[in-house]
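Below, chains carry the letters A, B, ... as their sequence lines are ordered, and counting in each starts from 1.
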Amino acid sequence: MTILPHHFFQIDALDLAPRLLGKFLRRDDVLLQITEVEAYRPNDSACHGRFGITARTAPVFGPGGLAYVYLCYGLHTMLNVVADKEGVGAAVLIRSCAPVSGLKTIQQRRAQLTEKPVLLTGPGKVGQALGISTEWSNHPLYMPGGLEILDGPKPEKILIGPRVGIEYALPEHVNALWRFAIAGTPWISAPKNTLMPQ
DNA sequence: GTACTGATTGGCT
DNA sequence: GCCAATCAGTACC
């Protein structure tokens, strides 16, 4: 499997998001296939970049291909892939993945919180399966070692819908269909009924 | 300095 | 369906 080059990520987050579906995330022996994503863009009232460059969001304004990892609700680490050119301020949130290998490691990491089977249907669960903290923010995903994104098959059909948990944003951004998922996969977070065929 | 909130999750009613 | 956990960031005094 080949690692994706940095220029793969230097496009609009809205174009990058569906292209990340089917690609692989790897850290040590854990390999996950990306099944659900959301795009966050410049001038987007739901994007963390809306407050400008801060200590937390600085990676979002870096060149596409960096990781942006932040702590949500003081508990969960959310993994984003920075999109577009340096300074634009756009990213793609990884919401769900299918476990491919490293199940034992995934279970060990997730056992800290639950004894349920491997469930990767939600952004907090993905961060936990990969065992990443906010220290991974700004990590280049196009460099070998650590945390990488590898090429994978393009999905046959894609589902689209509005993004989750951004009710505070402007209506035009709440309603924007910037959430994408692989059609037919069981690895999709709630709510599932707002996703429709493209 | 204080008050409030969030790109969520798991457990309990 | 409801709610606590837990903390960085923003807004405001």
Side-chain angles (χ1 to χ4, degrees), chain A residues 9 12-14 16-18 20-21 25 32 34-62 64 66-84 88-99 106-139 141 159-181 186-195:
Chain A
F9 305 96
D12 192 309
L14 198 52
L16 178 62
L20 285 175
L21 295 175
L25 272 167
L32 310 179
I34 300 170
T35 53
E36 181 191 345
V37 296
E38 284 176 354
Y40 289 85
R41 311 175 73 203
N43 305 313
D44 172 2
S45 58
C47 182
H48 282 185
R50 68 188 183 280
F51 298 115
I53 298 174
T54 65
R56 178 177 69 156
T57 65
V60 177
F61 293 90
L66 299 180
Y68 166 52
V69 183
Y70 75 95
L71 193 64
C72 187
Y73 291 93
L75 300 172
H76 308 292
T77 52
M78 315 284 252
L79 173 62
N80 295 252
V81 179
V82 176
D84 222 316
V88 171
V92 176
L93 171 69
I94 309 298
R95 280 196 68 86
S96 299
C97 291
I106 294 171
Q107 284 172 326
Q108 284 172 352
R109 287 170 176 162
R110 289 199 29 83
Q112 295 168 13
L113 191 64
T114 178
E115 293 183 10
K116 287 189 175 182
V118 178
L119 280 175
L120 303 179
T121 54
K125 301 172 189 176
V126 172
Q128 195 177 30
L130 291 169
I132 55 173
S133 66
T134 54
E135 292 177 6
W136 284 86
S137 207
N138 212 45
H139 176 86
L141 298 166
L159 305 177
I160 65 170
R163 295 174 294 178
V164 180
I166 55 154
E167 314 312 319
Y168 57 86
L170 295 174
E172 62 193 285
H173 298 140
V174 172
N175 297 329
L177 303 179
W178 292 349
R179 179 188 183 200
F180 305 87
W187 305 103
I188 295 182
S189 67
K192 300 182 184 184
N193 59 5
T194 57
L195 286 165

For residues 164-171 of chain A, please give each side-chain donor-acceptor pair under 3.5 Å, one per line with the distance, not counting sequence neighbours.
from	atom 1	to	atom 2	distance (Å)
A:Tyr168	OH	A:Ala46	O	3.3

- [ ] List the steps, then state whether side chain to side chain donor-acceptor pair (under 3.5 Å) holds for A:Thr57 with A:Thr54.
- [x] CA-CA 5 Å; A:Thr57 65; A:Thr54 65; 3.0 Å; yes

Task: Stepwise side chain to side chain donor-acceptor pair (under 3.5 Å) check, A:Gln128 with A:Arg109 - done: CA-CA 7 Å; A:Gln128 195 177 30; A:Arg109 287 170 176 162; over 6 Å; no

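Atom CE of A:Met78 is separated from atom P of C:dA8 by 16 Å (rounded to the nearest Å). Taking atom OH of A:Tyr168 as the reference point, atom C1' of B:dA7 lies 5 Å away to the nearest angstrom. Atoms OH (A:Tyr68) and P (C:dA8) sit 13 Å apart, rounded to a whole Å. Between the CD1 atom of A:Ile94 and the P atom of B:dT8 there is a distance of 14 Å, rounded to whole Å. A:Arg95 has its CZ atom 9 Å from the C1' atom of B:dT8, to the nearest Å.
Side-chain contact between A:Leu32 and A:Ile94 is absent, with no heavy atoms from C-beta onward closer than 4.5 Å.
Distances shown here put every side-chain N or O of A:Arg110 at or beyond 4.0 Å from the OP1 or OP2 atom of B:dT9. Between B:dA7 and A:Arg179, no contact under 4.0 Å exists linking OP1 or OP2 to a side-chain N or O.
Taking atom C1' in both B:dA7 and C:dG1, one finds a spacing of 22 Å when rounded to whole Å.
The two residues A:Leu120 and A:Ala98 have their closest heavy-atom pair at CD1-C, 4.3 Å.
Applying the side-chain hydrogen bond (donor to acceptor under 3.5 Å, both in side chains) rule to A:Arg56 yields no partners; only residues at least two apart in sequence or on another chain are considered. Applying the side-chain hydrogen bond (donor to acceptor under 3.5 Å, both in side chains) criterion to A:Ser45, with sequence neighbours excluded, gives A:His173. Partners of A:Phe180 under the ring-ring contact (aromatic ring centres under 6.0 Å, His included) rule, at least two apart in sequence or in another chain, do not exist in this structure. Every residue two or more places apart in sequence or in another chain was checked for a side-chain hydrogen bond (donor to acceptor under 3.5 Å, both in side chains) with A:His139, and none qualifies. The side-chain contact (heavy atoms from CB on, under 4.5 Å) check on A:Asp84 picks up A:Asp12, A:Val88, with sequence neighbours excluded. Residues forming a side-chain hydrogen bond (donor to acceptor under 3.5 Å, both in side chains) with A:Thr77 (at least two apart in sequence, or on another chain): none.
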Open item on the list: Let me check I have this right: for DNA chain C, each base becomes ., (, ), [, ] or |, based on Watson-Crick or G-U pairs with both distances under 3.5 Å. What is the full string?
Closed with: |||||.||||||.

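Residue pairs meeting the salt bridge (charged side-chain N to carboxylate O under 4.0 Å, His left out) criterion with at least one member in residues 170-180 of chain A, sequence neighbours excluded, are A:Glu36-A:Arg179.
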Please produce a list of atom pairs where a protein N or O lies less than 3.5 Å from an N or O of nucleotides 9-13 of chain C.
from	atom 1	to	atom 2	distance (Å)
C:dG9	OP1	A:Arg56	N	3.4

Write out a two-atom table: protein N or O, nucleotide N or O from nucleotides 2-6 of chain C, distance below 3.5 Å.
from	atom 1	to	atom 2	distance (Å)
C:dT6	O2	A:Tyr73	O	2.2

All N/O contacts under 3.5 Å from nucleotides 2-4 of chain B to the protein, with atom names and distances to one decimal?
none

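Partner A:Leu66 forms a side-chain contact (heavy atoms from CB on, under 4.5 Å) with one of A:Asn80, A:Val81, A:Leu141, A:Asn138 and no other, that one being A:Asn138.
Residue contacts for A:Ile166: at a heavy-atom cut-off of 4.0 Å it reaches the sugar-phosphate backbone alone, with no base atom in range.
A distance-only check finds a donor-acceptor pair linking the side chain of A:Arg50 to the backbone of A:Cys47 [under 3.5 Å].
Both geometric conditions, a ring-centre gap below 5.5 Å and a plane tilt below 30°, are not fulfilled together for A:Tyr70 over the base of C:dA8.
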